[in-house]
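Some notes on the structure that comes next.
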Amino acid sequence: MAVDAPITPGASSLDRELAGLGALWPKLAAIGVGLLVWQIVVWSQWRPDYVLPGPVPVFKELGNQLEQASFWHAIGITLQRAAIGYALAVLIGSLLGAAVARVRPLRRAIGSLITGLQTMPSIVWFPLAILLFKLGEGAILFVVVLGAAPSVANGLISGIDHIPPLMLRSGRVLGARGLGLFRFVILPAALPAFVGGLKQGWAFAWRSLMAGELLVIVANRPSIGARLEFARQFSQAEALLALMIVVLVIGILADSVFSAADRSIRRRWGLIEPTS
Amino acid sequence: MTAIARQLVTGVAGAEPAVVAEAPPAVSLHEVSRAFGEGTGAVLALDRVSLDVRPGEFVCLVGASGCGKTTLLNLVAGLDRPSAGEVDAGTGRPALMFQDAALFPWLTVAGNVELALRLNGVPKGERRTRTAELLETVHLGGMERRRPHELSGGMRQRVALARALAQDARVLLMDEPFGAVDAITRDLLHDEVEHIWQARDVTVLFVTHNVREAARLGDRIVLLTSRPGRVAATFDVAIPRPRRIESPEVSELAGRVTARLREEVGRHGR
């Protein structure tokens, strides 16, 4: 019994927070080393300052950007596109994944196609998207959905495939059939792998969106990608690098949300030690 | 059925079958066969097995591994169909407990029991109290919010038992439920299963390879042969309850069953 005794949930989450602060220093050290390497490259005069500025002017420019209303307007539009595209991808990917996992002929028909789509660089879709939707929001949305949906579907498919047979048997014995079995047993049992698929889907959605915003610049729709493209055209190296940092930080933040969800599921299932 | 009624049925069963005929068996297998695979590679798991279990009876199925015990339970549970013969487990779905507790890790202890109630059509308002009662029955009161992985193996089996009871089934099938539990815990669980069986109107079909366990628990021990599974012998257990697994009567019966089991295994050259 003593071996099984769990840490009470309230205390353990606080402990984890404190442990998280302690575990922060390797990250801070890595950032420090990265900035130092950057600065050394700049000091070496490998490229002139106006092409490759150092961290100090770039972070000054970043602070400058953060004070502009137009910057926040652009971030708002980019995040809105990301949210709509990703939500649509999750919806389509989940329905497709569930259908392929449970309907055998459908799996034979398009199972490998989904995996194939997942490996296809989403930028390859842009010429077609631009033909179909012109240089508009539709083209960006199309590519974001196509980039993310296969990963979401694959996550769900592999989650369903790896459910222990005993779990399904247990559900059937309890009287779960058809949709009930799906809702109460199959979906929750597939959740850890599904969250993995959602996380990967997000990464693809974000990449596709950035590619799309660089290629498809819609009038009166400022975005991070559009600002990045303008910064390049006007040779504003500081702004360009500052915007790249913004893209990186948004990616990291979103990823950490998925990682936290993943950890919380694994902890509840007892798949990881409560302290790790 | 009360314990007394059960004894009455048992008592007259041999002498006057006509009198007992009005109570149909809770579980009935008639000439049941089950083969897996096809052609020359086919394996006959069960060969013309016939078995009647009276309502309220506690029957233990004993046999070496590979004797088709699990196949038989699957047939009774309705998870599988026989290749030939008839299986009748009455109306309603039997509850089934496995050697592995097979609890759902995404649910709490209470959640696991509540899901069984929900799938059994118990209205939402009643589920909480019923869950508390069931967990109390298996001595897990206060464990509602725990997760399955936080429990010991014996506690997990108790939750599985509570979940099986939540189905309110008239027939409880148990597939080596205590096979992976330590001896001390197993002894306690035997007492609890016996209490629950006596307190509720439930028929138990209990599969085990542990002959002593069968002698400790069963009204009747049915010995199955291996490959193909056939009924080799039946032992009526006349030892009065409550029994102790270490008692001389249980040991003596277990000895007789084991001797017969050896004979069967020897005959098959294994």
Side-chain angles (χ1 to χ4, degrees), chain A residues 1-13 16 155-156 159-160 162-196 198 261-276, chain B residues 70 73-74 76-80 92-109 111-122 140 143 145-156 159-160 162-169 171-175 182 184-185:
Chain A
M1 185 55 228
V3 182
D4 297 330
I7 305 157
T8 48
S12 68
S13 69
R16 252 178 260 125
L156 188 56
I160 291 176
H162 289 95
I163 298 174
L166 186 62
M167 218 57 99
L168 297 175
R169 202 162 158 237
S170 186
R172 283 201 196 93
V173 166
L174 293 175
R177 294 281 189 285
L179 269 184
L181 188 70
F182 198 81
R183 178 177 166 201
F184 294 119
V185 181
I186 294 173
L187 266 190
L191 195 61
F194 185 48
V195 170
L198 289 176
D262 184 55
R263 266 201 310 281
S264 131
I265 289 168
R266 285 176 191 283
R267 195 175 299 123
R268 266 186 287 152
W269 285 42
L271 296 174
I272 47 172
E273 290 292 317
T275 46
S276 69
Chain B
T70 301
L73 283 197
N74 277 344
V76 178
L79 293 176
D80 192 10
R93 196 180 49 249
L96 174 56
M97 242 182 103
F98 313 99
Q99 177 170 347
D100 188 298
L103 301 175
F104 297 135
W106 55 91
L107 296 172
T108 58
V109 164
N112 270 282
V113 178
E114 275 183 28
L115 179 58
L117 291 168
R118 179 174 188 169
L119 290 168
N120 200 33
V122 175
L140 283 180
M143 294 285 177
R145 294 175 60 90
R146 296 288 184 92
R147 297 267 164 188
H149 71 92
E150 297 172 331
L151 306 179
S152 64
M155 287 161 97
R156 277 201 282 266
V159 181
R163 183 170 71 168
L165 294 174
Q167 288 182 251
D168 213 16
V171 176
L172 178 56
L173 309 172
M174 304 177 91
D175 190 0
D182 66 90
I184 300 161
T185 309

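Proteins come first, then strands; the chains are lettered A, B, ... in the order of their sequence lines, and each starts at number 1. Being a predicted model, the structure only gives us computed values, none of them experimental.
Residues A:S170 and B:R163 approach most closely at OG-NH2, 2.8 Å, considering heavy atoms. Taking both residues in full, the closest heavy atoms of A:M167 and B:P105 are given as CE-CD, 3.7 Å, listed atom of the first, atom of the second, then distance.
Taking chain A as the reference chain and counting heavy-atom pairs below 4.5 Å, the highest number among B:L79, B:T108, B:L173 is found for B:L79.
A donor-acceptor pair under 3.5 Å is formed between the side chain of B:Q167 and the backbone N or O of A:V173. Looking at B:R147, its side chain never comes within 3.5 Å of a backbone N or O of A:W269 through a donor-acceptor pair.
The CG atom of B:L119 sits 10.0 Å away from atom CZ of A:R177, with the distance rounded to the nearest 0.5 Å. Residue A:R267 holds its CZ atom at 10.0 Å from NE2 of B:H149, rounded to the nearest 0.5 Å. Between A:R169 atom CZ and B:N74 atom CG the span is 4.0 Å, to the nearest 0.5 Å.
Residue A:R266: no heavy atom, backbone or side chain, is found under 4.5 Å from chain B. Contact annotation for B:R118: only side-chain heavy atoms (C-beta onward) come within less than 4.5 Å of a heavy atom of chain A. Only the side chain of B:L115 comes within contact range of chain A, with at least one heavy atom under 4.5 Å from a heavy atom of that chain. For B:L103, the part lying under 4.5 angstrom from a heavy atom of chain A is the backbone only. With a threshold of 4.5 angstrom between heavy atoms, B:A77 does not approach chain A through any atom at all.
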#### Entry: Step-by-step side chain to side chain contact (heavy atoms under 4.5 Å, CB included) determination, A:L191 to B:W106
CA-CA 9 Å; A:L191 195 61; B:W106 55 91; over 6 Å; no
